[in-house]
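Positions are given from 1, in the same order as the sequence printed here.
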Amino acid sequence: MEQPNLKELEAIIAIARRGTFRAAAIDLGMSTTALSHTVGRLEAGLGVRLFNRTTRSVSLTDAGRLFMQQVAPSLQDLRTALETVRSQRETPSGTIRINAAPFAARAIISPLVLEFLRRYPDMHVDIVTEGKLVDVVGDGFDLGVRVAGLVPTDMIAVSLGRPQRHAVVGSPEYFEKYGKPLAPPDLFNHKCIRVRLPDGSLFRWRFEKDGEQVQIDVRGPVTLDEASLTRTAVLDSAGVGYIFEQDILPDIDAGRVIRILEDWTPPYPGLCLYYPGRRNLSAGVRAFLELARELSRRATG
């Protein structure tokens, strides 16, 4: 049989990671049909099925799990070797793959990503947004973007320089009907929009004032696993929301929502880029990190 090519190996790893052909095809920049043909061709050559497929799910067979255990580390070694060679280039070119939480991707797209592409037109940036934390090395990413407190301890972090802040908001109609909380414990008497974290736990609203720290396990009519959906619920007067300030400021300024407990929500350390220290960085990744540091100095200087 013909030896599997790099594209076929990447396809197997992407499907195993994402759990569906459709999501893996999006990550790989190909159609679901083409991805299915790629996997089918590899399985035919190997003489075994690597995936159990149903109309609802995809899972690795025993052969597929063995294949992943053997191939994934070797493929990572190959990526590292390619990155080592590319790092010798003086002019950045190629692709940078970044994994980020959805709100983090919105925060870095401008000016960081778009400015980077203006400076280095031979580069391509591929951003994959996921609520859950992933292994950026094992899943083939060059960089991750998360809030400072979620960066894995074995990674090198580069601050993006912008502190984060939450805003507690509700619609004028909601507060007219139910009144405004004056202190964090008052939230127990209100309908709040709950958010489920990537690990399955419910996010507790955090407050701080004059050295006093409070965490509130709020109650409410709806629980969401994507924080950006909170804005929609708040605008529809479903309850009070705890939202990243940058995502709701236009609505505050326009009077569509009212901010409360502002003195209880001080800024805290913001987003970081992170990457493994043991990896040889390509010229493109080095240039991206340098631009990030430059923009961070401007923001904090």
Side-chain angles (χ1 to χ4, degrees), residues 4-20 23-30 35 50 58-60 64-89 92-105 107-108 112-113 116 123-160 197-199 270-293:
N5 59 42
L6 183 59
K7 182 179 179 181
E8 291 170 340
L9 299 179
E10 293 278 12
I12 299 301
I13 290 175
I15 297 166
R17 181 178 73 86
R18 297 291 275 167
T20 69
I26 291 173
D27 284 358
L28 295 169
M30 60 195 304
L35 178 58
L50 300 175
V58 175
S59 63
L60 287 166
R65 281 189 288 272
L66 180 62
F67 187 85
M68 284 289 294
Q69 291 170 4
Q70 297 293 323
V71 170
S74 299
L75 188 58
Q76 184 54 48
D77 290 342
L78 177 58
R79 291 192 189 109
T80 300
L82 292 173
E83 289 167 2
T84 300
V85 174
R86 292 190 187 110
S87 69
Q88 304 305 307
R89 292 177 56 97
S93 64
T95 297
I96 297 176
R97 297 193 73 230
I98 301 174
N99 185 278
F103 80 90
I108 68 168
L112 178 53
V113 173
F116 175 76
M123 289 297 305
H124 176 86
V125 177
D126 181 0
I127 300 177
V128 176
T129 59
E130 292 181 275
K132 65 180 181 180
L133 285 171
V134 303
D135 177 359
V136 293
V137 176
D139 289 342
F141 292 99
D142 298 295
L143 300 166
V145 187
R146 288 294 188 276
V147 295
L150 294 180
V151 174
T153 56
D154 61 343
M155 294 285 167
I156 295 176
V158 176
S159 173
L160 293 177
L197 296 172
D199 64 3
L271 293 172
C272 289
L273 285 168
Y274 64 93
Y275 61 96
R278 63 183 181 276
R279 175 178 287 184
N280 290 307
L281 302 179
S282 67
V285 172
R286 291 202 309 270
F288 192 87
L289 291 170
E290 181 53 39
L291 177 59
R293 294 186 179 100

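The backbone N or O of Val158 sits nowhere less than 3.5 Å from a side-chain atom of Arg293 that would complete a donor-acceptor pair. In this structure a side-chain-to-backbone donor-acceptor pair under 3.5 Å is present from Arg65 to Leu60.
Looking at Arg97 and Thr95, their side chains come closer than 4.5 Å, going by heavy atoms from C-beta outward. Side-chain atoms of Val113 and Phe288, non-hydrogen and from C-beta on, do get closer than 4.5 Å to each other. A heavy-atom distance below 4.5 Å is found between the side chains of Ile12 and Phe67.
Considering all non-hydrogen atoms of both residues, Gly284 and Ile96 come closest at O-CD1, 3.4 Å. The minimum heavy-atom distance between Leu35 and Ala11, with the atom names listed, is CD1-CB, 3.4 Å. Of all heavy-atom pairs between Ala16 and Met68, the closest is CB-CE, 3.8 Å. Here the shortest heavy-atom pairing between Tyr274 and Val145 reads CE2-N, 3.7 Å. Listed here is the closest heavy atom pair of Ala157 and Val151: CB-CG1, 4.1 Å. Contact record, Phe103 with Leu271: CE1-CD2, 3.7 Å, taken as the closest heavy-atom pair.
In this structure, CG on Asp139 lies 7.0 Å from CD on Glu130, to the nearest 0.5 angstrom. Atom CZ of Arg17 sits about 5.0 Å away from atom CG of Asp27, to the nearest 0.5 Å. Taken from CD1 in Ile15 to CG in Leu28, the straight-line distance is 7.5 Å, to the nearest 0.5 Å. Atom CG of Leu291 and atom CG of Leu112 lie 5.0 Å apart (nearest 0.5 Å). With values rounded to the nearest 0.5 angstrom, Glu290 atom CD is found 11.5 Å from Phe116 atom CZ. Atom CD1 in Ile156 sits 9.0 Å away from atom CG in Leu289 (nearest 0.5 Å).
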- Task: Go through the steps to decide whether Arg18 and Ile26 satisfy the test side-chain contact (heavy atoms from CB on, under 4.5 Å), and finish with yes or no.
- Result: CA-CA 10 Å; Arg18 297 291 275 167; Ile26 291 173; over 6 Å; no
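In terms of the side-chain hydrogen bond (donor to acceptor under 3.5 Å, both in side chains) criterion, residue partners of Arg146 (sequence neighbours excluded) are, by chain and number, Asn99.
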